Amino acid sequence: MFGFLGPNGAGKTTMVRTLGTLIAPTSGSATVAGFPLAPENGVEIRRRIAIMPESPGLYLRLSILENLECFADLYEVSDPLSRIDRALRAVNLVARAQDACGTLSKGLRQRVALARALLGDPDVLFLDEPTVGLDPVAAHEVHELILGLRERGVTIFLTTHRLEEAERLCDRVAILNTTLRTIGRPDELRDQLFSTALTVRTLVALAEPGRVFTGLPAVGGWQQDGPAVYSLTVSDSVVAAPAVTRALVAAGADVLSIGEKQHSLEDVYLELIDDDTVAARSWA
């Protein structure tokens, strides 16, 4: 599962439309489902992909089943009854098949849209902001469905600006802000942007923290992040943590916790986007 992350207006949906052969590229090259992205390959690419847009685009007066029958006919799906049944089961909507789409919640409509995308048994599934506007419960349900598709071997291209969503779902991510800023596994990106650090919490503030932390093995520097919270830059946490612990005990400190500082994918994203903002302001 590949996450394509960026703020609104960064170009995420444009990228999906381009890779989905809905917009012709003006430059560059891409390969989709094994085919070069070119006008002569448009039909073959579309046979192997599916796109679930941000807006489901269902016929609200028709039932779930009637919607899927309509799109199965448009897609020229072979054995449509079997494909529709399999798609309904994949999104847990068999019991709701006769419900009119206009009566469904937004979360259920997203599930119907996902079922529609699965009708053609795609090799690559493009999901454009699949949980936008959903409440946490509905978003969690969609996440579980997406994870189930990944386990079945479907390649998923997910655009989102929900960082926690990408962190939970994606194997690799790219961060976009009109241009590609970085790409890699979330843990690789964290390691590239942030140095290893320890967070130390004590019951009360240290009287002389510099005397405690300066000169310890593998500790490169420190700063105070709160009344009794300290962040230490270290080259090796395995070496530094025991040394810091001993130094704190020797200083008579009441230690609440010592742990490696964890940076989230959101930290990576904000670091890169903030750099772009600063650069834009400097240029202006």
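Just so we're clear, the structure is a prediction, and the values are computed from it rather than from any experiment.
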Search all heavy atoms of [X] against all heavy atoms of [Y] and return the closest pair with its distance.
| X | Y | result |
| --- | --- | --- |
| Gly20 | Ile49 | CA-CD1, 3.7 Å |
| Leu145 | Ala90 | CD2-O, 3.1 Å |
| Lys12 | Gly6 | NZ-O, 2.9 Å |
| Asn177 | Ala10 | CA-CB, 4.0 Å |
| Pro122 | Val154 | O-CG1, 4.1 Å |

So, the side chain of [X] versus the backbone of [Y]: is there a donor-acceptor pair under 3.5 Å, distance only?
| X | Y | result |
| --- | --- | --- |
| Glu66 | Ser63 | yes |
| Arg111 | Val91 | yes |
| Asp128 | Thr159 | no |
| Ser105 | Leu108 | yes |
| Arg109 | Gly102 | yes |

Under the side chain to side chain donor-acceptor pair (under 3.5 Å) rule, collect the residues that match up with [X], sequence neighbours excluded.
| X | result |
| --- | --- |
| Glu165 | Thr131, His143, Thr160 |
| Glu167 | Arg190 |
| Asp135 | none |

Among the clusters formed by ILVMFWY side chains lying less than 4.5 Å apart, do [X] and [Y] turn up in the same one?
| X | Y | answer |
| --- | --- | --- |
| Ile156 | Leu114 | yes |
| Val124 | Leu149 | no |
| Val112 | Leu62 | yes |
| Leu147 | Leu118 | yes |
| Val173 | Val132 | no |

For the [atom1] atom of [X] and the [atom2] atom of [Y], what is their distance to the nearest 0.5 Å?
| X | Y | atom1 | atom2 | value |
| --- | --- | --- | --- | --- |
| Phe4 | Ile175 | CZ | CD1 | 11.0 Å |
| Leu125 | Ile51 | CG | CD1 | 9.5 Å |
| Leu189 | Leu272 | CG | CG | 8.0 Å |
| Arg48 | Asn41 | CZ | CG | 9.5 Å |
| Leu93 | Leu88 | CG | CG | 6.5 Å |
| Gln110 | Ser55 | CD | OG | 8.0 Å |

Within a 6.0 Å radius of atom [atom1] on [X], are there more than 12 heavy atoms belonging to other residues, nucleotides or ligands?
| X | atom1 | result |
| --- | --- | --- |
| Arg17 | CZ | no |
| Glu40 | CD | yes |
| Arg201 | CZ | no |

Exercise. Is the shortest distance from a Lys or Arg side-chain nitrogen in Arg168 or Glu164 to a carboxylate oxygen in the other one below 4.0 Å?
Worked result: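 No salt bridge links Arg168 with Glu164.
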Problem set entry | CA sep, side-chain torsions, deciding dist, call: Gln223, Asp225, side chain to side chain donor-acceptor pair (under 3.5 Å) | CA-CA 6 Å; Gln223 66 179 33; Asp225 291 342; 2.9 Å; yes
For this session: Give the intermediate values and the outcome of side chain to side chain contact (heavy atoms under 4.5 Å, CB included) for residues Leu176 and Arg181.
Result: CA-CA 6 Å; Leu176 177 80; Arg181 297 291 286 108; over 6 Å; no
Exercise. Please walk me through it: do Asp73 and Cys70 pass side chain to side chain contact (heavy atoms under 4.5 Å, CB included)?
Worked result: CA-CA 5 Å; Asp73 186 47; Cys70 174; 6.0 Å; no
Exercise. Taking it one step at a time, do Thr155 and Met1 satisfy side chain to side chain contact (heavy atoms under 4.5 Å, CB included)?
Worked result: CA-CA 6 Å; Thr155 296; Met1 188 177 298; over 6 Å; no
N/O donor-acceptor pairs under 3.5 Å from side chains in residues 78-85, not counting sequence neighbours:
{"from": "Arg83", "atom 1": "NH1", "to": "Leu119", "atom 2": "O", "distance (Å)": "2.9"}
{"from": "Asp85", "atom 1": "OD1", "to": "Arg89", "atom 2": "NE", "distance (Å)": "3.4"}
{"from": "Asp85", "atom 1": "OD2", "to": "Arg89", "atom 2": "NE", "distance (Å)": "3.0"}

Exercise. Which ILVMFWY residues can you reach from Leu256 by hopping between side chains whose heavy atoms are under 4.5 Å apart?
Worked result: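 Taking Ile, Leu, Val, Met, Phe, Trp and Tyr as members, Leu256 shares its hydrophobic cluster with Leu203, Val204.
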Decide yes or no for [X] and [Y]: does some side-chain heavy atom of the first lie under 4.5 Å from some side-chain heavy atom of the second?
| X | Y | value |
| --- | --- | --- |
| Lys261 | Leu198 | no |
| Ser29 | Leu37 | no |
| Ile64 | Leu104 | yes |
| Leu270 | Leu163 | no |
| Phe157 | Leu127 | no |
| Arg150 | Asp171 | yes |

Exercise. Hey, mind stepping through Leu19 and Ile45 against side chain to side chain contact (heavy atoms under 4.5 Å, CB included) and telling me if it holds?
Worked result: CA-CA 9 Å; Leu19 295 177; Ile45 290 174; over 6 Å; no
Distance-only donor-acceptor hits, side chain of residues 226-244, under 3.5 Å, sequence neighbours excluded:
{"from": "Tyr230", "atom 1": "OH", "to": "Leu206", "atom 2": "N", "distance (Å)": "2.8"}
{"from": "Asp236", "atom 1": "OD1", "to": "Val238", "atom 2": "N", "distance (Å)": "3.0"}
{"from": "Ser237", "atom 1": "OG", "to": "Glu260", "atom 2": "OE1", "distance (Å)": "3.0"}

Exercise. So is Arg172 actually on top of Phe2's ring, under 6.0 Å and inside 45° of the axis?
Worked result: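 Judged by the rule, Arg172 and Phe2 form no cation-pi pair.
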